[in-house]
Amino acid sequence: EARGPGHQSIVADEKGRLWIVYHAWDKDFVGYSNGGQRSVWIDKLVFKDGKPVVDGPNDDPEPVP
């Protein structure tokens, strides 16, 4: 699970699929003083009923868009 996500960008892959790319803490290591470090996360972005919906967050590997 991502904690404290921020600074997101939306990118499209070669097939036109949308992805949201952002940084976040791992749920078990939030804060530098707790041994954490922010890392880059990526999740699929889809539209349902005309509204953006993030398929995530999850910490499963994703293909490079």
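Applying the side chain to side chain contact (heavy atoms under 4.5 Å, CB included) rule to Lys51 yields no partners; only residues at least two apart in sequence or on another chain are considered.
Between Leu45 and Ile20, the shortest heavy-atom distance links the atoms CB-N, 4.4 Å.
A continuous path of Ile, Leu, Val, Met, Phe, Trp and Tyr side chains, each step under 4.5 Å between heavy atoms, connects Val40 with Ile42, placing both in one hydrophobic cluster.
Two residues are said to be in side-chain contact when any heavy atoms from C-beta on lie closer than 4.5 Å; Lys44 and Trp19 meet this criterion.
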